[in-house]
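Please read these numbers as outputs of a predicted model, since none were measured by experiment.
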Amino acid sequence: MKKVKRKDFKNFEVAFYWGETPYFRDNGMSVLESLDIHIEYPQCFACGKSKFIDSKTSMSHISMWNASKLEKHHFDPLSLGGEDEIHNIVLLCKKCHSEAPMSRLTLEEIIIWCKSKPSHIEEEWANSVAGFYRMLENKFENEQERNAFMEWFVKNISPIEPKEMCKILTSEQLVSSYFGMNPTGETIAYACAKLYEKENVQG
């Protein structure tokens with residue numbers, strides 16, 4: 001039997017398709033919006049991790065999506081009779097792809113699965129707490145200033161989920177949209193310190 005060649009959809013084609021496709025359960029938002037994925041940078045549809053390393057690139061967002069290491073996942077597997085069409089493909093990082101269900105899923109089921117995956121931001125934040133405190137010591141050499149900042153941080157920032165915290169820092173233009181999606185402890189500490197200084201100056 002002659003082997004059928006797979007269709008070669010570019011990553012941006014897939015992202016753009018889902019960016020234009022409404023998800024009926026989310027008030028007319030597109031599938032991409034429902035998954036909280038931004039078209040500006042290539043992101044895993046499940047954990048949200050951006051798979052493009054150089055934040056200072058001059059490449060267009062189309063080129064970045066296409067050059068990214070995101071992998072195509074057919075949520076209705078080809079081996080079980082699923083179609084090799086763009087409406088059957090989501091883009092996942094290598095880790096999420098290895099964990100993706102191999103059973104036949106509908107669009108709604110793959111969206112539910114994607115949303116069930118922990119945000120990589122929470123995982124990276126948990127792994128970067130040491131970096132946060134290293135940066136804190138460099139930023140505030142005076143112990144009194146450091147304690148004042150920590151009091152503000154515990155009251156205003158700690159209760160916020162890491163993903164929402166990064167959105168706030170990005171909206172305040174304290175971190176770029178790239179680092180808002182790919183934070184480290186040092187990045188978050190720096191941005192929080194700038195927000196703290198900003199609020200104190202205004203106050």
Side-chain angles (χ1 to χ4, degrees), residues 9-53 55 61 64-80 82-83 85-129 131-132 158-171 175-185 187-188:
F9 295 109
K10 301 296 184 184
N11 281 356
F12 182 74
E13 289 181 273
V14 178
F16 184 79
Y17 174 81
W18 292 121
E20 295 293 307
T21 302
Y23 180 48
F24 69 97
R25 290 197 178 277
D26 255 341
N27 298 319
M29 288 201 305
S30 71
V31 170
L32 224 56
E33 290 171 324
S34 180
L35 294 172
D36 201 19
I37 301 298
H38 305 275
I39 199 70
E40 290 86 358
Y41 288 101
Q43 293 173 266
C44 172
F45 282 22
C47 73
K49 186 172 181 63
S50 179
K51 296 302 291 179
F52 196 83
I53 305 302
S55 64
H61 63 290
M64 284 194 288
W65 275 97
N66 291 337
S68 73
K69 296 180 180 179
L70 291 169
E71 300 176 359
K72 299 177 186 71
H73 172 67
H74 293 80
F75 51 88
D76 184 4
L78 302 181
S79 59
L80 299 179
E83 294 181 285
E85 296 294 344
I86 203 166
H87 59 249
N88 187 33
I89 298 172
V90 291
L91 300 173
L92 303 175
C93 66
K94 186 173 183 178
K95 181 175 184 291
C96 288
H97 198 185
S98 69
E99 298 170 354
M102 290 307 295
S103 53
R104 304 189 73 168
L105 300 184
T106 63
L107 173 60
E108 182 175 4
E109 288 169 334
I110 192 64
I111 288 176
I112 290 171
W113 179 81
C114 285
K115 288 184 173 183
S116 73
K117 294 288 292 178
S119 164
H120 80 96
I121 289 176
E122 295 174 13
E123 185 177 325
E124 292 190 17
W125 169 236
N127 293 335
S128 298
V129 172
F132 178 94
S158 287
I160 304 172
E161 291 184 1
K163 194 170 184 179
E164 190 61 30
M165 175 172 64
C166 287
K167 282 185 180 178
I168 292 170
L169 297 176
T170 302
S171 68
V175 292
S176 69
S177 57
Y178 176 84
F179 284 110
M181 293 183 293
N182 296 274
T184 62
T187 305
I188 292 174

For [X] and [Y], work out which heavy atoms get closest and say how close.
X	Y	answer
Gly48	Ile37	CA-CD1, 4.2 Å
Leu91	Ala15	CD1-N, 4.3 Å
His87	Phe75	O-CZ, 3.2 Å

State which residues pass ring pair (Phe, Tyr, Trp, His ring centres under 6.0 Å) with Phe16; sequence neighbours excluded, sorted by chain then number.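 Ring pair (Phe, Tyr, Trp, His ring centres under 6.0 Å) list for Phe16, sorted by chain: Phe12.
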
Would you give the length of the straight line joining atom [atom1] of [X] to atom [atom2] of [Y], rounded to the nearest 0.5 angstrom?
X	Y	atom1	atom2	result
Leu80	Ser103	CG	OG	8.5 Å
Lys95	Lys49	NZ	NZ	10.5 Å
His74	Met102	NE2	CE	10.5 Å
Glu71	Asn11	CD	CG	10.0 Å

Checking His61 now: which residues fulfil side-chain hydrogen bond (donor to acceptor under 3.5 Å, both in side chains) with it, not counting sequence neighbours?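 Listed in chain order: nothing, the list is empty.
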
Side-chain heavy-atom pair [X], [Y] within 4.5 angstrom cut-off:
X	Y	value
Asp76	Arg104	yes
Tyr17	Val31	no
Thr21	Ser30	no

[X] side chain to [Y] backbone, donor-acceptor under 3.5 Å:
X	Y	value
Lys72	Val14	no
Ser116	Trp113	yes
Asn88	Glu83	yes
Trp65	Ile39	yes
Trp18	Ile89	yes

Name the residue from Cys93, Cys44, Pro42 that meets the side chain to side chain contact (heavy atoms under 4.5 Å, CB included) definition with Ser68.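 The option that passes is Pro42.
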
Quick one: which of Leu70, Asp36, Leu35, Ile111 gives a side chain to side chain contact (heavy atoms under 4.5 Å, CB included) with Phe45?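 When Leu70, Asp36, Leu35, Ile111 are each tested with Phe45, the side chain to side chain contact (heavy atoms under 4.5 Å, CB included) holds only for Leu35.
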
